[in-house]
Number of protein chains: 2
Amino acid sequence: MASLRTRRAFRRLEVEARRQQLLETGARLFTERGYEDVSMSEVAAAAGISKGLLYHYFPGKRAFFAATLEAAAQELRALTVTDPDLPALEQLTAAVDAYLGWIEAHSESYARLLHSAGALADVASLVQRVRDETAERIVAGLGGDEPSPALRCAVHGWLWFMDGACLQWLQAGREPPRERLRELLVGTLAAAAGLAV
Amino acid sequence: MASLRTRRAFRRLEVEARRQQLLETGARLFTERGYEDVSMSEVAAAAGISKGLLYHYFPGKRAFFAATLEAAAQELRALTVTDPDLPALEQLTAAVDAYLGWIEAHSESYARLLHSAGALADVASLVQRVRDETAERIVAGLGGDEPSPALRCAVHGWLWFMDGACLQWLQAGREPPRERLRELLVGTLAAAAGLAV
DNA sequence: ACGCCTTGTTGACCTTCGGTTAGTAAGCGC
DNA sequence: GCGCTTACTAACCGAAGGTCAACAAGGCGT
């Protein structure tokens, strides 16, 4: 009788903590099933909050999904910055190795990032921004001031190559060994760039 | 007064004609805006029919979208089959050239196919089926009976390379010339496969 | 201890979506 | 003309994304 009027008190969280919790919940659900098959109500329920609060933290479903990937994209992008004083080949090798290491550690996020790249315009631009930026840096490092269209194609193509090879690599249970894959990737860029000069 | 009861007669079309019309309408709308931003009601309205009829022809939105891409995927897949009696390099060159030709002629469908590749599971599997099949054929032609994991990565990666390079090519206004791009593509496969043996 | 005030949080509400179905009419064969 | 097949419509449904006024948790000054 005593608790008839207990309106189920809720816990008040700090903004950043709540935001983080929502992102994690969303990431989990979106990874398990696709973007389309997860509803905002569901995310809210899984996080133990109301739908309204979810919309208080994120302006919409797309934005929420994109935010879910943003962190991964940021990390991935950060890995490609290398010490510019080192020889080009060493920089490349180091960057590729770091990339592979991250993928190994976050294979789920990586696969989700790629597979949902085309789904929404927001995510597509997210992936494209990372790729374009990386491509620009590589092109600049390779082609000097005035890079040829062919070189641009080669570098852009190579970035796709990397993702295709990595996806296949993950799917095949991380075979061949990481060092071998790294060599393949680095070697292919060298070859493609050489062909495109 | 006379036409007060004219319940707006509708035109009856043959099944295949109607189906084709719907696919074309859908393709147009989906290309203009994304998958998410086009509603089934909208498609029906644009085609001048009821939503119910649209659902009579296609079991759901995803299936409709996939059907919209199916034709393109079929054509693209058909292009990769070559005369097995010719030398391997000639086969490859011919297939790549045909691929580039198709892309040039259907750049919109191609871009849409790639950009929405990850969106739905149906479409993803559509693209992946084409890629896997092509990869299998190339791997078989290159690696004999027991292809190494590294070779699989190389070939899969190269298929992605192709799409990345082609997308960049289209975006840059078909620069460099098609023959040059073809050489880059063929050369890169040769190099990657060589590295992966 | 108490009440105030900020703000994290709710839940009812709206519109539109994907999807279903009972029924209508076009147009062909007789 | 007449009926029969079937392309087609329109009204409908549950659930989705999205909005909003009101509520209460909990830190703060007293």
Side-chain angles (χ1 to χ4, degrees), chain A residues 3-26 29-30 32-68 116 119-123, chain B residues 2-26 29-30 32-69 116 119-123:
Chain A
S3 61
L4 251 182
R5 255 229 158 282
T6 27
R7 297 254 299 184
R8 258 303 260 126
F10 54 85
R11 277 194 49 217
R12 226 178 137 105
L13 279 192
E14 299 231 342
V15 172
E16 202 45 45
R18 181 66 82 194
R19 199 184 141 82
Q20 214 52 41
Q21 179 212 0
L22 293 177
L23 285 176
E24 276 163 31
T25 306
L29 291 179
F30 283 133
E32 285 169 5
R33 319 200 298 289
Y35 168 82
E36 275 237 309
D37 287 336
V38 175
S39 74
M40 291 296 264
S41 316
E42 209 173 341
V43 174
I49 59 158
S50 71
K51 196 170 48 155
L53 188 57
L54 184 51
Y55 276 94
H56 173 75
Y57 280 90
F58 302 95
K61 191 184 181 185
R62 298 165 188 223
F64 177 56
F65 184 64
T68 272
S116 59
L120 296 333
D122 315 292
V123 183
Chain B
S3 60
L4 252 182
R5 258 232 156 282
T6 25
R7 299 254 297 185
R8 255 308 257 128
F10 55 86
R11 277 194 48 216
R12 223 178 138 103
L13 280 191
E14 299 234 339
V15 172
E16 202 45 45
R18 181 65 82 192
R19 200 184 139 82
Q20 214 53 42
Q21 180 215 359
L22 293 178
L23 285 177
E24 278 163 29
T25 306
L29 291 179
F30 283 133
E32 285 169 5
R33 317 199 301 287
Y35 167 83
E36 275 240 307
D37 285 339
V38 176
S39 74
M40 290 298 263
S41 316
E42 210 174 340
V43 174
I49 61 159
S50 70
K51 195 168 49 154
L53 187 58
L54 183 52
Y55 276 95
H56 173 74
Y57 279 90
F58 302 94
K61 191 185 181 185
R62 297 166 188 221
F64 177 56
F65 184 64
T68 272
L69 294 167
S116 59
L120 298 331
D122 315 293
V123 184

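Naming convention: chains lettered A, B, ... in sequence-line order (proteins, then strands); numbering from 1 in each chain.
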Q.
Can you measure B/Phe10 atom CZ to C/dA26 atom C1' for me and round it to whole angstrom units?
A. 6 Å
Q) Tell me: CG of A/Leu22 to P of C/dG8, nearest whole Å? A) 13 Å
Q. Which is true for A/Tyr57 with a 4.0 Å heavy-atom rule: it touches a base, it touches only sugar-phosphate, or it touches nothing?
A. sugar-phosphate
Q | Contacts of A/Glu14 that satisfy side-chain contact (heavy atoms from CB on, under 4.5 Å) - sequence neighbours left out | A | A/Ala17
Q: Name all residues meeting the salt bridge (charged side-chain N to carboxylate O under 4.0 Å, His left out) criterion together with A/Glu42; count only those two or more places apart in sequence or in a different chain, and write none if there are none.
A: A/Arg33
**Q.** Pairwise side-chain hydrogen bond (donor to acceptor under 3.5 Å, both in side chains) hits with a residue in residues 52-69 of chain B, at least two apart
**A.** A/Glu36-B/Arg62, A/Asp37-B/Arg62
Q. A/Ile49 has an atom CD1; how far is it from atom P of C/dT10, in whole Å?
A. 6 Å
Provide a list of protein-nucleic acid N or O atom pairs under 3.5 angstrom, restricted to nucleotides 2-6 of chain D.
unit_1: D/dT6; atom_1: O2; unit_2: B/Arg12; atom_2: NH1; d: 3.4
unit_1: D/dT6; atom_1: O2; unit_2: B/Arg12; atom_2: NH2; d: 3.4

Q.
Using the salt bridge (charged side-chain N to carboxylate O under 4.0 Å, His left out) criterion, which residues pair with A/Glu32? Sequence neighbours excluded.
A. A/Arg28
Q) With side chains defined as the heavy atoms from C-beta onward, is the minimum distance between A/Phe58 and A/Leu23 less than 4.5 Å? A) yes
Atom pairs, N/O to N/O, protein against nucleotides 16-20 of chain D, distance under 3.5 Å?
unit_1: D/dG17; atom_1: OP1; unit_2: A/Lys61; atom_2: NZ; d: 2.9
unit_1: D/dG17; atom_1: OP2; unit_2: A/Met40; atom_2: N; d: 2.8
unit_1: D/dG17; atom_1: N7; unit_2: A/Lys51; atom_2: NZ; d: 3.1
unit_1: D/dG18; atom_1: OP2; unit_2: A/Tyr55; atom_2: OH; d: 2.9
unit_1: D/dG18; atom_1: OP2; unit_2: A/Lys61; atom_2: N; d: 2.7
unit_1: D/dG18; atom_1: N7; unit_2: A/Lys51; atom_2: NZ; d: 3.2
unit_1: D/dG18; atom_1: O6; unit_2: A/Lys51; atom_2: NZ; d: 2.7

Q.
Test of understanding: with side-chain hydrogen bond (donor to acceptor under 3.5 Å, both in side chains), list the residues that count as partners of B/Gln21, not counting sequence neighbours.
A. B/Arg18
Q. A/Arg18 CZ to C/dT7 P: how many Å, rounded?
A. 17 Å
(Q) Ring-plane angle category for B/Phe30 and B/Phe64, please: parallel below 30°, perpendicular beyond 60°, tilted otherwise. (A) tilted
(Q) Please enumerate all residues that pass side-chain contact (heavy atoms from CB on, under 4.5 Å) together with A/Ser50, with sequence neighbours excluded. (A) A/Leu53
Q.
In this structure, how many angstroms lie between the C1' atom of C/dC17 and the CG atom of B/Leu54, rounded?
A. 13 Å
